[in-house]
Amino acid sequence: MEQLVIFIKQLINGIQVGSIYALVALGYTMVYGIVKLLNFAHGDFIMVGAYVSLFAIMAGMPIWVAALIAVVACSLLGVITERVAYKPLRNSPKLSVLITAIAVSLLLENLFLLLFTSTPKPYPEAINLPSIMVGPVQISGTTLATILISAVTMAALQFFVKKTRMGKAMRAVSEDSEAAVLMGVN
């Protein structure tokens with residue numbers, strides 16, 4: 001019985017970590033699927049968001065405000081990176097764009113290493129969610145929230161890509177960018 005409980009706990013932990021990895025993988029595949037770019041800086045944008053939200057929480061902001069600020073900061077960083085690093089290389093060989101993506105990644109990593117050192121920074125417990133008991137297994141509220149938020153985000157992204165005008169335009173560009181332009185897709 002004890003081994004079954006351990007197995008279930010590890011299964012739930014795996015689902016939690018897997019849901020986070022799935023969100024990261026969705027970001028990678030969307031970028032690659034549409035613009036055919038392996039954005040090596042993708043993970044570094046996530047790091048920037050983590051630092052921004054950490055500092056916002058440490059400044060006393062509620063977690064939802066910190067998350068919103070992190071999303072805005074990462075979006076701005078993405079737009080700036082696209083305009084400065086990727087857009088000038090739009091018609092360049094794929095290798096040039098790939099090297100630029102690696103350079104952006106290294107720039108962000110080393111900049112943050114200089115600014116914040118390599119010492120781990122503990123992330124404060126921003127929300128105290130109650131644990132729940134499912135039979136003999138206790139599941140933390142944070143684990144449940146992570147799985148639930150990931151599932152809702154993935155479902156919302158699926159809806160966006162399949163049902164909205166912009167999502168259809170993104171799929172059209174991914175399929176055939178020249179034909180999409182002829183059909184009026186910017």
Asker: Do any pairs count as a side-chain hydrogen bond (donor to acceptor under 3.5 Å, both in side chains) and have a residue in residues 1-11, sequence neighbours left out, and if so which ones?
Answerer: none
Asker: Sequence neighbours excluded, which residues qualify as side chain to side chain contact (heavy atoms under 4.5 Å, CB included) partners of Thr119?
Answerer: Thr117, Lys121
Asker: Under 3.5 Å, which donor-acceptor pairs do the side chains of residues 22-30 form with other protein atoms, sequence neighbours left out?
Answerer:
residue, atom, partner, partner atom, Å
Thr29, OG1, Ala25, O, 3.1
Thr29, OG1, Leu26, O, 3.0

Asker: Would you say Phe112 and Leu114 are hydrophobically clustered, going by side-chain heavy atoms of ILVMFWY under 4.5 Å?
Answerer: no
Asker: Do Phe40 and Leu106 come within less than 4.5 Å of each other through their side chains, counting heavy atoms only?
Answerer: no
Asker: Scan the side chains in residues 66-80 for donor-acceptor partners under 3.5 Å anywhere in the protein, sequence neighbours excluded, and list what turns up.
Answerer:
residue, atom, partner, partner atom, Å
Ser75, OG, Val71, O, 2.8

Asker: Scan for side-chain hydrogen bond (donor to acceptor under 3.5 Å, both in side chains) pairs involving residues 38-62, sequence neighbours excluded, and state none if there are none.
Answerer: Asn39-Tyr86, Asp44-Ser105, Ser53-Tyr123
Asker: Name the atoms and distances for all side-chain donor-acceptor pairs under 3.5 Å in residues 156-167, with sequence neighbours left out.
Answerer:
residue, atom, partner, partner atom, Å
Thr164, OG1, Phe160, O, 2.5
Thr164, OG1, Gly167, N, 3.1

Asker: If you group Ile, Leu, Val, Met, Phe, Trp and Tyr by side-chain heavy-atom gaps below 4.5 Å, do Ile46 and Val104 land in one group?
Answerer: no
Asker: Looking at Lys168 and Glu175, is any side-chain nitrogen of the basic one under 4.0 Å from a carboxylate oxygen of the acidic one?
Answerer: no
Asker: Starting from Ile57, can I reach Trp64 by hopping between I/L/V/M/F/W/Y residues whose side chains sit under 4.5 Å apart?
Answerer: yes
Asker: Is it true that Leu115 and Leu113 fall in one hydrophobic cluster, defined by side-chain heavy atoms closer than 4.5 Å?
Answerer: no
Asker: Looking only at heavy atoms, which two atoms of Ser19 and Gln16 are closest? And how far apart?
Answerer: OG-O, 2.7 Å
Asker: Which atom pair, heavy atoms only, marks the closest approach of Ile20 to Ser150?
Answerer: N-OG, 4.3 Å
Asker: Considering residues, nucleotides and ligands other than Phe116, do more than 12 of their heavy atoms fall under 6.0 Å from its CZ?
Answerer: yes
Asker: Would Tyr21 and Met154 show up in the same hydrophobic cluster when neighbours are defined by side-chain heavy atoms closer than 4.5 Å?
Answerer: no
Asker: Which value, rounded to the nearest 0.5 Å, describes the distance between Ser140 atom OG and Ile12 atom CD1?
Answerer: 9.5 Å
Asker: Out of the candidates Ile147, Thr146, Thr143, only one should pair with Ile15 under the side chain to side chain contact (heavy atoms under 4.5 Å, CB included) rule; please name it.
Answerer: Ile147
Asker: Quick one: does any side-chain atom of Thr153 pair with a main-chain N or O of Ile149 as donor and acceptor, under 3.5 Å?
Answerer: yes
Asker: Which distance, rounded to the nearest 0.5 Å, do you find between the CG of Asn13 and the CD1 of Ile139?
Answerer: 9.5 Å
